[in-house]
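Per chain, numbering begins at 1; letters A, B, ... match sequence-line order.
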2 protein chains.
Amino acid sequence: MSRLAKTDADMVRVHNRLAVLDHLRRVGVTTRKAVSEATGLSVSAASAICGTLLRSGLLEEVEEDGRSIRRGRPGKSLAFRGGAARVAALKIAVGEISGRISDYAGAPLAEARREVDISGQTGDTLVVLLGDLAEDLLARTIEPGTGEGGAGDAPMKIDKVVVAIQGKTHSDLSGIVWSPALKHWNIGIAAPLSERLLADVSVLNDCSLMPEAFRWRPDFIGLDFATLFVGFGVGMGLRLNGSTFQGKHSSAVEFGHINHLPGGALCRCGNRGCVEAYAGDYAILRRATGSDEIPAHRIADETMLRLGDAARQGDEAARTAFEEAGNAIGYGLGRVFTMIDPLPIVMTGSGARAIDLLEPAIRNGIRESAVDGLGADAPLILMEDTDALVYDAGTAYGLAALDGEFSRSAVEATEAA
Amino acid sequence: MSRLAKTDADMVRVHNRLAVLDHLRRVGVTTRKAVSEATGLSVSAASAICGTLLRSGLLEEVEEDGRSIRRGRPGKSLAFRGGAARVAALKIAVGEISGRISDYAGAPLAEARREVDISGQTGDTLVVLLGDLAEDLLARTIEPGTGEGGAGDAPMKIDKVVVAIQGKTHSDLSGIVWSPALKHWNIGIAAPLSERLLADVSVLNDCSLMPEAFRWRPDFIGLDFATLFVGFGVGMGLRLNGSTFQGKHSSAVEFGHINHLPGGALCRCGNRGCVEAYAGDYAILRRATGSDEIPAHRIADETMLRLGDAARQGDEAARTAFEEAGNAIGYGLGRVFTMIDPLPIVMTGSGARAIDLLEPAIRNGIRESAVDGLGADAPLILMEDTDALVYDAGTAYGLAALDGEFSRSAVEATEAA
DNA sequence: AGACTTTTTCCAAGCCTCGTAAAAAATGGT
DNA sequence: ACCATTTTTTACGAGGCTTGGAAAAAGTCT
């Protein structure tokens, strides 16, 4: 975007408030002094901003138990006020929808999962299903101890909804272009769901969203990395220069459909030789069984686990299938590394459970395809629970969006008694 | 980078000044009113900033000839004061160094080219050669009509030097990690050259720098696109989200070394199957001639032109060679498009001259490798003069850097008589 | 209990930008 | 030629946010 924008006092206020909230997201609990040090703001300014955020109900003073025994006046500990808002992270997959609701402090309040055959459904039905799920989540939320007066927390509602889905989503976050979980194309989700839940709704690709899960993790701060999902499909998310990569037209790094071998194996997308056509669950399975079909439904986790065990116990076909999968992934990573940079990889999905079978081939593939083999020793971090990762990511994304909105709105709200 | 930064009045001033300069870079000549409209600043603020920039000598009032005949007080036209600074864009290639010096308004003042065998040279020698070239450029600069008092322009010096080179450069812009033009590795250029010329020096990869050439072109504003160089080597530059992509570790999108075919043709880099091993000049030539060697020196332009003519006149081997080159490029682009997004391509180098031979295969390759063949119809813009493109890019990069510095420094300098 | 240390709060000052009003400079009509 | 009109530029007071220093607050240490 062109940088024609002016800046004025308003922008300064918004920016600095956001800096304070961002700092607090990282550390969880802080003090005015710590805010000043972390942000570079003067103590006066930091204190003033904290005061405003406290009065607006976003923050609250908390009693800290294990405070260090130092001389001098102890700082008053500040933390997010969970009750200030709620975020729902929803996930649409083949045959199921699920989600988690969290409070403004990021603490999970409830989770839910429903197996539904959404494949042939229309957009309207999908919106109803998602809306029901969200309201169910909200209902199951344990009312937080509303110790204060009673005017404390507004009527329970969800303030931000993030929908993660496999497939291609609109770049304006408004809906789904295409998804393997659905038959129909171009389904607008955000507008109708937003109308029903009275909350802002964003629809994103699950894989490209994943890096958001690490947004505030101290060990990932300022780090560029990639998230790699290897399951029925294969997808990637990128965090570059401190922000999560989002395409303009498509929505994601379609890692699974980067061509591996010209004219190679047939892929779901219709092309030949995609990475997914070697590394996706269905690809590994068909290679191991000598089949030629692409199953329409997702493959059960157990099936892949059994296949992995077979490979480990010497089944040659299975072994080769995993090896070729690893090779395709490795070459794909090598190609990405050549374009971008060698990056640490966070890996999830069924592939993460078969990493022992895949890793040697992956690293070898990188070695053969990247310049100087650079990146063949890239750190590999496994995350077995893909759902949790997606919920974390959606929640972080939603909270970041809320922080931005709250920073913008100069709400000098509810005078506490 | 983490967004812990605070903002204050200083930042506001810097940001807004930069917005004014950036606007002026785009339009060339402006007025206070136009600045206000373009930046969103109030007329008062815009006028005040322009006043400061005028007093500091960066801008000057100019007489505009073809001013429209409208009622009301005519706006005073403002433009960059060329004499305010000078930027040198230098280029290191196999067997030659060259460059262009431009004034602060971006107008070229002089160009120079020297054929030197730099291959075996040390860093010191290279610095001497570049320094000589730069000083020669400066000496050949026509003294601008110093109409004003005489205290007008400070003693002529270069204020910013940008060195573009094939190969890998340090991500801190300090020097060369490796280049096909040089034997030695890890040559620090910026520090010693900066010491000699008393100017800030930045060393960048030529291909990744190229998008900068379009930084202020109105038809490229806000546009994401890629620059593709196809010559002895193959390289790419990316402009994404309004900024030119720079890797953290490596310096560039090593498009030429993205693997095309696992285990394929031997590449200069030692790997097998790189795009360059099919699409580089040497690759096309060896395929056409049935040779097996990789020439150490660059291939003459004429040789490639003749080979192209041969292909056009029915030489099957040559025809196939170009076709396979186009195919490799197409698959490479398809892979990039799958990762990032379909992008318009600005193409330069010897490949741009053989585009009629390459284009069908390129587009076919994209069609076969990108999801839904998306991007097979991407706009292709040809730029035959690669040197001019690199000079433009280096100059734009240097000017942008100067704008930033000048915005930061609150120089309220030289009181004009 | 008093001295010391550290965190918060309070207040005047400084910098920008904004909005409005006044001044400046040219056109058009009579 | 003169006056009304239009448009750009300059001038001035106001508002918002940060800053730096001083004062107040709230503990620990001796």
Side-chain angles (χ1 to χ4, degrees), chain A residues 4-20 29-56 59 61-78 407-412, chain B residues 4-20 29-55 59-78 407-412:
Chain A
L4 294 163
K6 61 161 184 182
T7 310
D8 58 8
D10 279 353
M11 303 282 271
V12 171
R13 187 189 60 242
V14 170
H15 184 110
N16 285 342
R17 278 196 196 180
L18 198 57
V20 172
V29 182
T30 190
T31 66
R32 293 165 172 79
K33 185 78 195 308
V35 168
S36 162
E37 281 164 4
T39 59
L41 288 161
S42 67
V43 278
S44 339
S47 185
I49 292 172
C50 289
T52 308
L53 295 174
L54 277 165
R55 276 193 303 282
S56 70
L59 268 49
E61 298 191 341
V62 296
E63 299 300 320
E64 208 179 358
D65 4 298
R67 58 181 152 198
S68 56
I69 329 100
R70 295 203 325 286
R71 304 181 53 161
R73 172 175 176 174
K76 268 180 203 147
S77 295
L78 305 174
S407 297
R408 248 176 295 284
S409 68
V411 193
E412 197 79 17
Chain B
L4 295 161
K6 62 161 184 183
T7 309
D8 57 8
D10 278 353
M11 303 283 271
V12 171
R13 187 189 59 243
V14 170
H15 184 108
N16 286 341
R17 276 197 198 178
L18 198 56
V20 171
V29 181
T30 190
T31 66
R32 293 165 171 80
K33 184 81 193 308
V35 167
S36 162
E37 281 164 4
T39 58
L41 288 161
S42 68
V43 277
S44 342
S47 185
I49 292 172
C50 289
T52 309
L53 294 174
L54 277 165
R55 276 193 304 282
L59 269 49
E60 63 186 356
E61 299 191 340
V62 295
E63 298 301 320
E64 209 178 357
D65 5 297
R67 56 182 154 198
S68 56
I69 329 98
R70 294 202 326 286
R71 300 182 57 162
R73 175 174 174 174
K76 269 182 203 144
S77 296
L78 305 174
S407 297
R408 249 175 295 283
S409 67
V411 193
E412 197 80 18

Check: What are the two closest non-hydrogen atoms of L78(B) and E61(B), and how far apart are they?
Finding: CD2-CG, 3.7 Å

Check: How many angstroms lie between atom OG of S77(B) and atom CG of L59(B), to the nearest 0.5 angstrom?
Finding: 11.5 Å

Margin query: Could you tell me how far apart M11(A) (CE) and dC18(C) (C1') are, to the nearest whole angstrom?
Written below: 15 Å

Check: When the distance from NZ of K33(B) to C1' of dA23(C) is rounded to whole Å, what number comes out?
Finding: 17 Å

Item checked: Letter per nucleotide, 5' to 3', of nucleotides 17-24 of chain D [B base touched, S only sugar-phosphate touched, - untouched; heavy atoms, 4.0 Å] -> SSBBB--B

Next item on the list: Give a yes/no on whether any side-chain N or O of R70(A) is located under 4.0 angstrom from OP1 or OP2 of dT7(C).
Entry: yes

Next item on the list: Find the distance between CG (L18(B)) and OG1 (T39(B)) and round it off to the nearest 0.5 Å.
Entry: 12.0 Å

Note to self: Can you tell me how far apart CE (M11(B)) and CZ (R408(B)) are? Round to the nearest 0.5 Å.
What the structure shows: 9.0 Å

Item checked: Approximate separation, where rounding is to 0.5 Å, of R32(B) CZ and E37(B) CD -> 14.5 Å

Note to self: Can a donor-acceptor pair be found, under 3.5 Å and without considering hydrogens, that links the side chain of T31(A) to the backbone of K76(A)?
What the structure shows: no

Item checked: Under 3.5 Å donor-acceptor pair, R32(A) side-chain atoms to dT7(C) base atoms -> no

Next item on the list: Have a look at the helix from dA1(C)-dT30(D) to dT30(C)-dA1(D) and give the angle its two end axes make, five pairs each, rounded to 10 degrees.
Entry: 10°

Margin query: What is the separation between atom CZ on R71(A) and atom P on dG2(C), rounded to the nearest whole Å?
Written below: 17 Å

Note to self: As an exercise, state the distance from CG of N16(B) to CG of D8(A), rounded to the nearest 0.5 Å.
What the structure shows: 8.0 Å

Check: So, the side chain of S56(A) versus the backbone of L53(A): is there a donor-acceptor pair under 3.5 Å, distance only?
Finding: yes

Next item on the list: Using whole Å, report how far CG of L54(A) lies from P of dT8(C).
Entry: 11 Å

